[in-house]
**Q** 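The structure follows.
These numbers come from the heavy atoms of this one structure, side chains and all, not from hydrogens, waters or symmetry mates.
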Amino acid sequence: MNSPTILQQITSRRLQDRLQELELVHSLTGGERSVPLVPFFRDPGLICEIKRSSPSRGIIIPDGRIVEDIFEDYLRSGAHRFSVLTESRYFRGSCADLYWLKQRHPELPFLRKDFLFSLEDIHESYLIGADAVLLIAALLDDDQLQELTGAARRWGLQVLTEIHNETELQRVLSLPELPDALGINSRDLTTFSVNIKNPFALRSRIP
């Protein structure tokens, strides 16, 4: 029997933590969104990321610094759209990180970066203030990609779909409803190995 991949391990832990996450989102929002939707892809430019930690790099934001400090650094440097990693076990993130940043800066667009796999995930993302969500092709089958893309659109959220190889690219391009943008990951999420040439190889195949 093969050992589970890192992606499978992360997804399994998210399932285990589902009730705790639901309770956190409800305690933060009361089941209502209180901030405006801002089009995430209205302007070109960098997407600056808030990430506390990762399985490959370990601690990125040390305990002595807080998310708000990093965010203010980004703002002073001219950043205007942001990705917030909310997975708690492997990346030490939280839905509260995105919620409080959006509460303080409702005029700015935010993307929820996580390992999303259910309709509840999309609704939660809307409630905590996300303006866009990340969907990972390696994690979702075609029906799930289509279902979650449609759900995001119904809640007014834009969609960034992540691909890693030619097969995933063709899967996404064949869907009836396309995402707002494609992201090419240099990292294989099943092994966490990195191929920095990957974006250059795949970009020419994107219409």
Side-chain angles (χ1 to χ4, degrees), residues 1-26 28 47 49-61 83-99 110-130 132-153 155 157-172 174-175 177 179-195 198 202:
M1 184 175 179
N2 294 330
S3 299
T5 66
I6 297 174
L7 183 60
Q8 290 169 334
Q9 293 174 42
I10 293 172
T11 306
S12 177
R13 292 310 295 260
R14 274 211 74 226
L15 279 167
Q16 294 175 34
D17 294 339
R18 193 81 188 96
L19 181 58
Q20 183 178 353
E21 185 178 284
L22 284 167
E23 290 174 346
L24 172 61
V25 170
H26 184 75
L28 289 169
I47 301 173
E49 185 162 274
I50 299 291
K51 181 192 292 188
R52 294 177 182 270
S53 180
S54 77
S56 59
R57 278 198 56 188
I59 301 299
I60 296 171
I61 302 178
S83 165
V84 183
L85 219 152
T86 58
E87 195 279 331
S88 61
R89 292 282 184 168
Y90 292 82
F91 295 85
R92 300 176 69 236
S94 171
C95 290
D97 290 339
L98 195 158
Y99 176 80
F110 289 86
L111 176 142
R112 182 185 181 187
K113 186 174 183 180
D114 208 324
F115 299 81
L116 308 179
F117 53 79
S118 70
L119 294 175
E120 289 79 8
D121 288 336
I122 303 301
H123 185 215
E124 283 180 11
S125 303
Y126 168 81
L127 291 177
I128 62 175
V133 290
L134 175 74
L135 299 180
I136 301 173
L139 174 63
L140 306 167
D141 62 30
D142 291 357
D143 289 341
Q144 289 173 311
L145 279 171
Q146 187 64 27
E147 181 180 46
L148 297 189
T149 298
R153 294 271 165 72
W155 288 109
L157 306 177
Q158 293 189 298
V159 176
L160 170 63
T161 298
E162 177 185 299
I163 59 168
H164 174 261
N165 55 40
E166 177 78 24
T167 299
E168 292 171 3
L169 172 60
Q170 294 307 319
R171 283 179 53 213
V172 174
S174 68
L175 295 174
E177 189 167 10
D180 297 278
L182 283 170
I184 304 171
N185 198 342
S186 296
R187 187 182 302 279
D188 183 336
L189 291 179
T190 60
T191 64
F192 266 48
S193 60
V194 174
N195 176 4
N198 208 37
L202 291 177

**Q** Start with the C-alpha gap between L175 and T149, add the side-chain angles, then the distance that decides, and say whether side-chain contact (heavy atoms from CB on, under 4.5 Å) holds.
**A** CA-CA 10 Å; L175 295 174; T149 298; 5.6 Å; no
**Q** Specify the closest pair of heavy atoms between I163 and A137, including all atoms of both residues, with the distance to one decimal.
**A**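 Scanning both residues completely, I find the closest heavy atoms to be CG2-CB, 4.3 Å.
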**Q** For Y99, give me all partners under ring pair (Phe, Tyr, Trp, His ring centres under 6.0 Å), at least two apart in sequence or on another chain.
**A**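 In terms of ring pair (Phe, Tyr, Trp, His ring centres under 6.0 Å), with neighbours along the sequence ignored, Y99 is linked to no residue.
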**Q** For the backbone of L116 and the side chain of D114, can you confirm whether one donor and one acceptor N or O come within less than 3.5 Å of each other?
**A**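 No; judged by distance alone, with no hydrogens or angles, the pair does not exist.
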**Q** What's the separation between atom SG in C95 and atom CD in Q20, rounded to the nearest 0.5 Å?
**A**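 One gets 10.5 Å once the value is rounded to the nearest 0.5 Å.
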**Q** Given side chains that start at C-beta, do those of V159 and V133 come closer than 4.5 Å, heavy atoms only?
**A**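 With C-beta onward as the side chain, the pair touches.
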**Q** Say you draw a straight line from OG of S88 to CG of L24; how long is it, rounded to the nearest 0.5 Å?
**A**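 Here the interatomic distance stands at 9.5 Å.
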**Q** Considering residues at least two apart in sequence or located in another chain, which fulfil the side-chain contact (heavy atoms from CB on, under 4.5 Å) criterion with A132?
**A**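 Testing A132 for side-chain contact (heavy atoms from CB on, under 4.5 Å), a comparison that skips the adjacent residues, returns F40, L111, Q158.
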**Q** Does D97 reach the main-chain N or O of L85 with its side chain, forming a donor-acceptor pair under 3.5 Å?
**A**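 Not a single qualifying donor-acceptor pair exists.
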**Q** I'd like to know if the side chain of N198 reaches the main chain of H164, judged simply by a donor and an acceptor atom lying under 3.5 Å from each other, with no hydrogens or angles considered.
**A**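 Flag set: sc N198 to bb H164 pair under 3.5 Å.
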**Q** Search all heavy atoms of F115 against all heavy atoms of I10 and return the closest pair with its distance.
**A**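 In this case the closest contact between F115 and I10 is CD1-CG2, 3.5 Å.
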**Q** Return each pair, listed once, that meets side chain to side chain donor-acceptor pair (under 3.5 Å) where at least one residue sits in residues 117-128; pairs must be two or more places apart or across chains.
**A**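 As it turns out, the side chain to side chain donor-acceptor pair (under 3.5 Å) pairs with a partner in residues 117-128, which skip direct neighbours, are R14-D121, R18-D121, R18-E124, R112-S125, S118-E120, S118-D121.
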**Q** What distance separates L135 CG from L182 CG, expressed to the nearest 0.5 Å?
**A**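 Here the rounded value is 11.0 Å.
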**Q** For the side chain of Q146 and the backbone of D143, is there at least one donor-acceptor N/O pair under 3.5 Å apart?
**A**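 No.
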**Q** How close do P179 and V172 get, counting heavy atoms only, and between which atoms?
**A**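 Smallest heavy-atom distance, with atoms named: CD-CG1, 3.8 Å.
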**Q** Nearest 0.5 Å, please: how far is CG in L169 from CD1 in I184?
**A**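 CG of L169 is found 7.5 Å from CD1 of I184.
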**Q** Please report the closest heavy-atom contact between F117 and L140, naming both atoms and the distance.
**A**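 That closest heavy-atom pairing would be CA-CD2, 3.8 Å.
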**Q** At their closest point, which heavy atom of E168 faces which heavy atom of A138, and how far apart are they?
**A**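 Closest approach of E168 to A138: OE2-CB, 3.4 Å.
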**Q** Go through the structure and list residues passing side-chain contact (heavy atoms from CB on, under 4.5 Å) with E147, not counting sequence neighbours.
**A**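 Residues passing side-chain contact (heavy atoms from CB on, under 4.5 Å) with E147: L119.
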**Q** Starting at CG of L22, measure out to CG of L127 and round the result to the nearest 0.5 Å.
**A**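 The CG atom of L127 is 10.5 Å from CG of L22, to the nearest 0.5 Å.
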**Q** Go through the structure and list residues passing side-chain contact (heavy atoms from CB on, under 4.5 Å) with Q16, not counting sequence neighbours.
**A**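 S12, R13.
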**Q** So, taking the atom named CD1 in I128 and the one named OG1 in T86, what distance separates them when rounded to the nearest 0.5 Å?
**A**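 Nearest 0.5 Å value for the CD1-OG1 distance: 5.5 Å.
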**Q** Who are the salt bridge (Lys or Arg N to Asp or Glu O under 4.0 Å) partners of R89, not counting sequence neighbours?
**A**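 Partners of R89 under the salt bridge (Lys or Arg N to Asp or Glu O under 4.0 Å) test: D17.
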